[in-house]
**Student:** 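Below you'll find the structure I mean.
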Protein chains: 2
Amino acid sequence: MKNIEPRIIGLFKQGYCTPQIARIAKKIKEPATTIHYNIKRLEKEGAIKSYKAVFDYKKINEGHCTYILVNLTEENYGNPESICKDIAKDPKVESIDICTGDYELLIKLRTKDIDEYYEWTKHAIKKYNFSKIISITSLKQVKTEFVEL
Amino acid sequence: MKNIEPRIIGLFKQGYCTPQIARIAKKIKEPATTIHYNIKRLEKEGAIKSYKAVFDYKKINEGHCTYILVNLTEENYGNPESICKDIAKDPKVESIDICTGDYELLIKLRTKDIDEYYEWTKHAIKKYNFSKIISITSLKQVKTEFVEL
DNA sequence: ATTAAAATTGAATAATATTCAACTATTTAT
DNA sequence: ATAAATAGTTGAATATTATTCAATTTTAAT
């Protein structure tokens, strides 16, 4: 057994997929070449960032999902972007936004379980010197990434 | 001009993409047939829900992104799932979770601009009889759907 | 109306996924 | 421990599908 699954999953999270032109052509009843032309234009414009897979995260051992609201400390408050880019590199982070309201950042985190979540927060508070965090844990995901579950 | 773009974008939001087996094979240096076998198994297990595109949402006129925390009223409080499934059908809703904490739902909404957002909230409060909502607007998206922007 | 640029399309080709059958490794039952 | 059954890997052949290309049509600008 080569244990290829985790490597495939890793690649699929961000990309390594491609449009199904023939299927789209059939669906909207237009020639495949027209679809192809339009898609390539969207790609060149930068409107399409990536083609990727959406998972049933429970089944790939990332069943615990938490939204984390973050208060930064002074040293990052005026320039949240560089810290965000670093946090974004973490493969457990699905999304990160700089936001309005009482908290500066909103992070969507996917972990195996609550223990892994707890370890992540401890590590992140220390590394990024967050002054406060609020966690909102998902009890049930009804839709993610525009895909109904 | 056939205005094919919006139809393609609609299809891509939820699917109509497929794995690039040859590219994965090259990347992880395993035979394409092995990759194929493993992917098909993941699909059969239901671990993979869909293959889809990720957009630069500003470029497809969905540049306004808001996280909405919702308090339900009594009639839905004990059974939030059915109302969630209905909200999930809305193509502007990227994600919806039933959550812990002071608010029962967390909705991630993508609209063209703040006006469309405001219309959506008015409509939703009325239709679903939300007792209260809190909006957290994204000022800058650094990562979405596991894709760095 | 004339020109230039952008978009559409069918036919030909290139690239890729998929099937199949043989083989290997792993697990289960006796 | 051994046999049998199941699950996983793989190369070669085939079937699909994306891509290229050149011709045509549509749209936009002057």
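All chains are named by letter (A, B, ...) in the order of the sequence lines, taking the proteins before the strands, and each is independently numbered beginning at 1.
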**Student:** Nearest whole angstrom, please: distance from the P of C/dA17 to the OH of B/Tyr51.
**Tutor:** 11 Å

**Student:** Starting from P on C/dT18, measure out to CD on B/Gln20 and report it in whole angstrom.
**Tutor:** 12 Å

**Student:** Say whether, by atom type as modelled, one donor and one acceptor occur between the side chain of A/Lys143 and the main chain of B/Asp90 under 3.5 angstrom.
**Tutor:**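 A pair under 3.5 Å: yes.
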
**Student:** Of all the choices, C/dT19, C/dT8, D/dT10, which nucleotide is nearest to the side chain of B/His36 once you look at every atom?
**Tutor:**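 Taking heavy atoms from C-beta onward, the closest nucleotide is C/dT19.
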
**Student:** I'd like to know if B/Glu5 and A/Arg41 make a salt bridge, using a cut-off of under 4.0 Å between side-chain N and carboxylate O.
**Tutor:**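 Salt bridge: yes.
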
**Student:** Any salt bridge between B/Glu62 and B/Lys13, counting N to O under 4.0 Å?
**Tutor:** yes

**Student:** Heavy atoms from C-beta onward define the side chain here; which of C/dA17, D/dT19, D/dG8 lies closest to that of B/Arg41?
**Tutor:**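 Looking only at heavy atoms from C-beta outward on B/Arg41, the closest nucleotide is D/dG8.
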
**Student:** Between C/dT9, C/dA7, D/dT10, which nucleotide gets closest to the side-chain atoms of A/Glu30?
**Tutor:** C/dT9

**Student:** Looking only at the side chain of A/Ile21 (C-beta and beyond, no hydrogens), which of the listed nucleotides D/dA18, C/dG10, C/dT19 gets closest?
**Tutor:**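 Shortest atom-to-atom distance from the side chain points to D/dA18.
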
**Student:** Using whole Å, report how far OH of B/Tyr37 lies from C1' of C/dA17.
**Tutor:**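 Distance check: B/Tyr37 OH to C/dA17 C1' gives 18 Å.
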
**Student:** Any donor-acceptor pair under 3.5 Å linking the side chain of A/Asn38 with the backbone of A/Thr34?
**Tutor:** yes

**Student:** Taking CG from B/Asn38 and C1' from C/dA17, how many angstroms apart are they, rounded to a whole number?
**Tutor:** 15 Å

**Student:** Quick test of your reading of the model: are A/Glu145 and B/Lys52 salt-bridged, counting only N-O distances below 4.0 Å?
**Tutor:** no

**Student:** Of A/Asn3 and A/Arg23, whose closest DNA chain D nucleotide lies nearer the 5' terminus?
**Tutor:** A/Asn3

**Student:** Measuring from the side chain of A/Thr33 (C-beta onward, heavy atoms only), which nucleotide among C/dA17, D/dT19, D/dA7 has the closest atom?
**Tutor:** D/dT19

**Student:** Picking from D/dT17, C/dT9, C/dA7, which would you name as closest to the side chain of A/Pro31?
**Tutor:**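 When the side chain of A/Pro31 is considered, C/dT9 is the closest of D/dT17, C/dT9, C/dA7.
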
**Student:** Take atom NZ of B/Lys29 and atom P of D/dT9, then tell me their distance rounded to the nearest Å.
**Tutor:**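 So the NZ-P distance, B/Lys29 to D/dT9, works out to 18 Å.
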
**Student:** Rounded to whole angstroms, how far apart are CD1 on A/Ile4 and P on C/dA25?
**Tutor:** 15 Å

**Student:** Without decimals, in angstroms, what is the distance between B/Lys40 NZ and C/dC20 C1'?
**Tutor:** 16 Å

**Student:** Starting at the 5' end of DNA chain D and moving along, which residue's nearest nucleotide shows up first, B/Ile35 or A/Lys26?
**Tutor:** B/Ile35

**Student:** With DNA chain C as reference, determine whether B/Ala22 or B/Lys2 sits nearer its 5' end, using the nearest nucleotide of each.
**Tutor:**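 Its nearest nucleotide lies further toward 5', so the answer is B/Lys2.
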
**Student:** For A/Ile39 and D/dT20, what is the distance between atoms CD1 and P respectively, to the nearest whole Å?
**Tutor:** 13 Å

**Student:** So if I take every side-chain heavy atom of A/Met1 and compare against C/dA17, C/dT8, D/dG8, which nucleotide ends up nearest?
**Tutor:** D/dG8

